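Please read the structure below before turning to the comments.
The structure displayed is predicted, hence computed values, not measured ones. Basis for what follows: all heavy atoms, side chains included, without hydrogens, waters or symmetry-related copies.
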Amino acid sequence: MSDTSTITPASIVQLVDTFYARVREDAVLGPVFEEKLAGHWHEHMPRMYAFWTKVLLDAGEFQGNVFGKHMALNGIGKEHFVHWLTLFRMTAIEVFGPEHAEPAIVVANRIASSLQLGFFGDIQVQV
């Protein structure tokens, strides 16, 4: 677990860095992300820091169409959501501690539910 026991801008950077390192290594998620972000990770990561800072701390200036960007992905299935939610939950607990991870996990589940409605017309996965 991190030395940071609450959600702060610094712990959000740690969460995002740790999570996306795991995503890139994941056999299911890695290829999807690499197809879109190969050579562009340096641009994507600051956007992810800004996004998670905005949704978890209500701070910062993130603007973007998260739903639209994800709806443009092809070949997304149930297994992608299982892996994404599992890795995110594990990483949030590791970085924020079990007693402080719940807000991030709730947001991740809300995002996943919204995207699943867009992809499948219903919510198929909750972790």
Give the cluster check for Val107 versus Val16: same hydrophobic cluster or not, with ILVMFWY residues linked at side-chain heavy-atom distances below 4.5 Å. yes

Determine whether the aromatic ring centres of residues Phe19 and Trp52 are separated by less than 6.0 angstrom. no

What pairs meet the salt bridge (Lys or Arg N to Asp or Glu O under 4.0 Å) rule with one or both residues in residues 30-46, with sequence neighbours excluded? Arg24-Glu34

Side-chain heavy-atom pair Ile105, Ile93 within 4.5 angstrom cut-off: yes

Value rounded to 0.5 Å, distance of CG in Leu87 from CG in Asp26: 5.0 Å

For Thr6, does its backbone N or O pair with a side-chain atom of Ser11 as donor and acceptor, under 3.5 Å? yes

Look at the side-chain heavy atoms of Ile, Leu, Val, Met, Phe, Trp and Tyr, link any pair under 4.5 Å apart, and say whether Phe33 and Met45 land in one connected group. yes

Sole candidate of Asp122, Leu85, Ile123 that passes side chain to side chain contact (heavy atoms under 4.5 Å, CB included) when paired with Ser113: Ile123

When rounded to the nearest 0.5 angstrom, what is the spacing between CD in Gln14 and OG1 in Thr8? 8.5 Å

Using ring centroids (six-membered ring only for Trp), state whether Tyr20 and Tyr49 fall under 6.0 Å. no

Do Leu117 and Phe67 share a hydrophobic cluster, counting only Ile, Leu, Val, Met, Phe, Trp and Tyr and linking them when any side-chain heavy atoms are less than 4.5 Å apart? no

So do the side chains of Val66 and Phe51 get within less than 4.5 Å of each other, counting heavy atoms only? yes

Is there a path of hydrophobic side-chain contacts, each under 4.5 Å between heavy atoms of I, L, V, M, F, W or Y residues, that connects Val95 with Met48? yes

Look at the rings of His44 and Trp41 and say which category their plane angle falls in: under 30° parallel, 30 to 60° tilted, over 60° perpendicular. perpendicular

Indicate yes or no for a side-chain donor-acceptor contact from Gln116 to the backbone of Gln124 under 3.5 Å, with no hydrogens or angles considered. yes

Do Arg22 and Glu94 pass the salt bridge (charged side-chain N to carboxylate O under 4.0 Å, His left out) test, and can you show the C-alpha distance, the side-chain angles, and the key distance before you say yes or no? CA-CA 13 Å; Arg22 290 175 175 160; Glu94 178 183 309; 2.6 Å; yes

What heavy-atom pair brings His100 and Ile7 nearest, and what distance separates the two atoms? O-CD1, 3.6 Å

Does Thr86 use its side chain to pair, donor to acceptor, with the backbone of Val82 at less than 3.5 Å? yes

Please test Phe120 against Phe81 for ring-ring contact (aromatic ring centres under 6.0 Å, His included), starting from the C-alpha separation and ending with a verdict. CA-CA 12 Å; Phe120 313 125; Phe81 287 95; 5.7 Å; yes

Check the pair Leu15, Phe96 against side chain to side chain contact (heavy atoms under 4.5 Å, CB included), reporting the backbone distance first and the verdict last. CA-CA 8 Å; Leu15 170 79; Phe96 299 141; 3.9 Å; yes

Residue from Leu29, Val32, Val23 passing side chain to side chain contact (heavy atoms under 4.5 Å, CB included) with His83: Leu29

Between Phe119 and Trp84, is there a shared hydrophobic cluster once you connect ILVMFWY residues whose side-chain heavy atoms come closer than 4.5 Å? yes

